[in-house]
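Quick notes on the structure that follows.
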Amino acid sequence: MIQIAIDGPSGAGKSSVAKAVAARLGIVYVDTGALYRTVGYYVRSQGITREDTDGIVSCLPKISIEVRYENGAQHVYLNGEDLGDRIREPEISMYASAVSAVPAVRSFLLDTQRDIAAKNSVIMDGRDIGTVILPNADVKIFMTASDEARAKRRTLELQAKGMDVRYEDVLREMRERDHNDSTREVAPAVAADDAVLLDNSGMTVEESADAVIALVKQKTGCAV
Ligand code: DC
């Protein structure tokens, strides 16, 4: 069993790179942001504002989250329903960031994440994987890229899903979200002391995946 933790700000290419690495190593890719997005989606659907911490906490007993792997892809079920790309909307990104700062939400999602890593070899991406969720991960990477490169990638990704978004708005919301995520009191998005920093601004997904796999080989001695 192997555990690879990939943390970093939004749009750093964590998910594309982690998916490529998972496919090449034959391990499970876990997108933990999808869990926070799912909670954010539910909170918004109840008409609760992002600032209403008590309202957010009051939703938790009404939420059941299940993660399933279907044809190698992760699906998150909210009270039995697969929300698909609805959790990718920019409005839901802002809700996900807001709910993720609430300690009760982080505890609520802790076991779901650790259970998957206890049963499978994983490459897990998020903000606190190397620091909180899997502190003993075999390999920890803090992946980042310039703000502009990240906003450009995110804009193209959302447009490819058919969403009507503009680069300027994506850049502004991304900066706001990164600020919230890295300055919150609980589990801020910071590199673990033993994480390797990977700035992939000028790199393709394949080049970044090569860099991750080289690190896995180096750290674990596995001929992967
Ligand atoms: O990775 P993402 O953009 O899908 O994550 C959505 C939000 O969820 C992000 O703004 C911060 C939060 N998040 C978190 O706090 N911890 C994680 N491990 C993953 C995501």
Side-chain angles (χ1 to χ4, degrees), residues 3-19 29-44 50 53 56 60 63 65 67 73-76 78 83-117 122-135 137 140-145 147 149-151 153-158 161 163 165 169-192 195 200:
Q3 293 182 345
I4 307 171
I6 305 219
D7 291 302
S10 49
K14 300 186 299 294
S15 67
S16 317
V17 174
K19 265 184 210 159
Y29 163 57
V30 188
D31 165 11
T32 65
L35 304 176
Y36 294 92
R37 288 173 178 275
T38 301
V39 173
Y41 183 94
Y42 183 85
V43 169
R44 183 171 182 273
R50 287 171 5 208
T53 305
I56 293 171
L60 296 176
I63 298 178
I65 287 188
V67 180
Q74 172 179 305
H75 292 259
V76 181
L78 167 66
L83 298 172
D85 278 344
R86 277 179 279 167
I87 59 169
R88 304 288 157 195
E89 294 282 346
E91 172 78 1
I92 301 302
S93 301
M94 300 310 281
Y95 261 87
S97 182
V99 303
S100 75
V102 178
V105 172
R106 305 203 73 83
S107 329
F108 178 73
L109 296 174
L110 187 74
D111 287 346
T112 305
Q113 297 170 80
R114 287 204 181 135
D115 283 352
I116 301 170
V122 292
I123 179 162
M124 194 175 269
D125 94 33
R127 303 292 187 289
D128 63 338
I129 309 305
T131 49
V132 176
I133 306 295
L134 305 176
K140 297 182 186 178
I141 293 164
F142 196 81
M143 196 175 275
T144 188
D147 288 5
R150 294 189 293 115
R153 285 179 193 155
R154 195 28 70 104
T155 306
L156 292 174
E157 202 178 287
L158 294 175
K161 288 187 197 291
M163 293 178 202
V165 292
D169 298 331
V170 172
L171 179 64
R172 183 176 32 77
E173 291 194 351
M174 196 190 75
R175 284 183 168 147
E176 184 181 331
R177 201 146 70 88
D178 289 344
H179 177 75
N180 293 344
D181 297 345
S182 59
T183 56
R184 67 183 175 219
E185 277 180 32
V186 187
V190 292
N200 64 12

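Start at 1 and go down the list; that is how both ligands and their atoms are numbered. For the numbers below, each heavy atom of this structure counts, side chains included, while hydrogens, waters and symmetry mates do not. Throughout, residue positions are numbered sequentially from 1 according to the sequence presented.
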Looking only at side-chain N and O atoms, does [Y] offer a donor or acceptor that is under 3.5 Å from a partner on [X]?
X	Y	answer
R106	Y36	yes
D178	S10	yes
N200	R153	yes
D181	S97	yes
S100	R184	yes

Given L109, which of I65, I63, I133 fulfils the side chain to side chain contact (heavy atoms under 4.5 Å, CB included) condition? I65
Residue portion contacting ligand 1 (non-hydrogen atoms closer than 4.0 Å) for M174: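 Neither; no heavy atom under 4.0 Å.
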Hey, mind stepping through M124 and I4 against side chain to side chain contact (heavy atoms under 4.5 Å, CB included) and telling me if it holds? CA-CA 6 Å; M124 194 175 269; I4 307 171; over 6 Å; no
Where ligand 1 meets [X] - atom numbers and elements under 4.0 angstrom, heavy-atom basis:
X	result
S97	10 (O)
A96	6 (C), 7 (C)
S100	11 (C), 12 (C), 15 (O)

Nearest to [atom], what protein heavy atom do you find, and at what distance?
atom	result
atom 4 (O) of ligand 1	R37 NE, 2.6 Å
atom 16 (N) of ligand 1	R106 NH2, 3.0 Å
atom 8 (O) of ligand 1	Y36 CB, 3.5 Å
atom 6 (C) of ligand 1	R177 NH1, 3.5 Å

Does an N or O anywhere in [X] fall below 3.5 Å from an N or O of ligand 1?
X	answer
D128	yes
D181	yes
R127	yes
K14	no

Which heavy atom in A73 sits nearest to a heavy atom in H75, and how many Å separate them?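 Scanning both residues, the minimum pair turns out to be O-CD2, 3.3 Å.
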Look at atom 18 (N) of ligand 1 and find which of T32, D31, V186, V99 reaches it with the closest heavy atom. T32
Are any non-hydrogen side-chain atoms of Q74 and V30 less than 4.5 angstrom apart?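 Q74 vs V30: side chains touch.
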